[in-house]
Amino acid sequence: MAEQHGAPEQAAAGKSHGDLGGSYKVILYELENFQGKRCELSAECPSLTDSLLEKVGSIQVESGPWLAFESRAFRGEQFVLEKGDYPRWDAWSNSRDSDSLLSLRPLNIVGWL
């Protein structure tokens, strides 16, 4: 069965607010193994499923790290996503209770105290 690929959507460009600076980029796909509609983000998104995607099936972190949440508005279980590929939900989560990812924000790491 062939999957239809939608045109990539982009969110506003963002830069970190920490002292070290740097850019952030993550690509989210609706289906596992980087298939289906995709969305590129470079800034936080409190609700991925409102208008961007129906669900998140896989993730490619181009630059980061990112902090992902199982619920909207940056609530619920948190997952740290470092640079790399996450082909399905169990690649970023060890939870057997939740396979959802509904909000995402760049993780600003300033330095050690």
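The structure displayed is predicted, hence computed values, not measured ones.
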Test item: [X] and [Y] side chains (from C-beta on) under 4.5 Å apart, heavy atoms:
X	Y	value
L52	C45	yes
L48	L102	no
E82	W66	no
Q60	Y86	no
N33	S58	no
V56	W89	no

Side chain to side chain contact (heavy atoms under 4.5 Å, CB included) assessment of N108 paired with Y24:
CA-CA 10 Å; N108 295 317; Y24 294 88; 3.0 Å; yes
Just how far is it from atom [atom1] of [X] to atom [atom2] of [Y], taken to the nearest 0.5 Å?
X	Y	atom1	atom2	result
R105	L67	CZ	CG	7.0 Å
Q78	S71	CD	OG	10.5 Å
C39	E30	SG	CD	9.5 Å
I59	F79	CD1	CZ	9.0 Å
E40	K25	CD	NZ	4.0 Å
E54	L31	CD	CG	9.5 Å

Grab the two heavy atoms, one from E70 and one from S100, that are nearest each other, plus how far apart they are.
O-OG, 3.1 Å
Examine the side chains of R72 and S103 and answer whether a donor and an acceptor come within less than 3.5 Å of each other.
no
Assess whether side chain to side chain contact (heavy atoms under 4.5 Å, CB included) is satisfied between L81 and L104, documenting all intermediate values.
CA-CA 10 Å; L81 304 174; L104 191 69; 4.1 Å; yes
Cation over ring face, R75 and F69, 6.0 Å, 45°
no
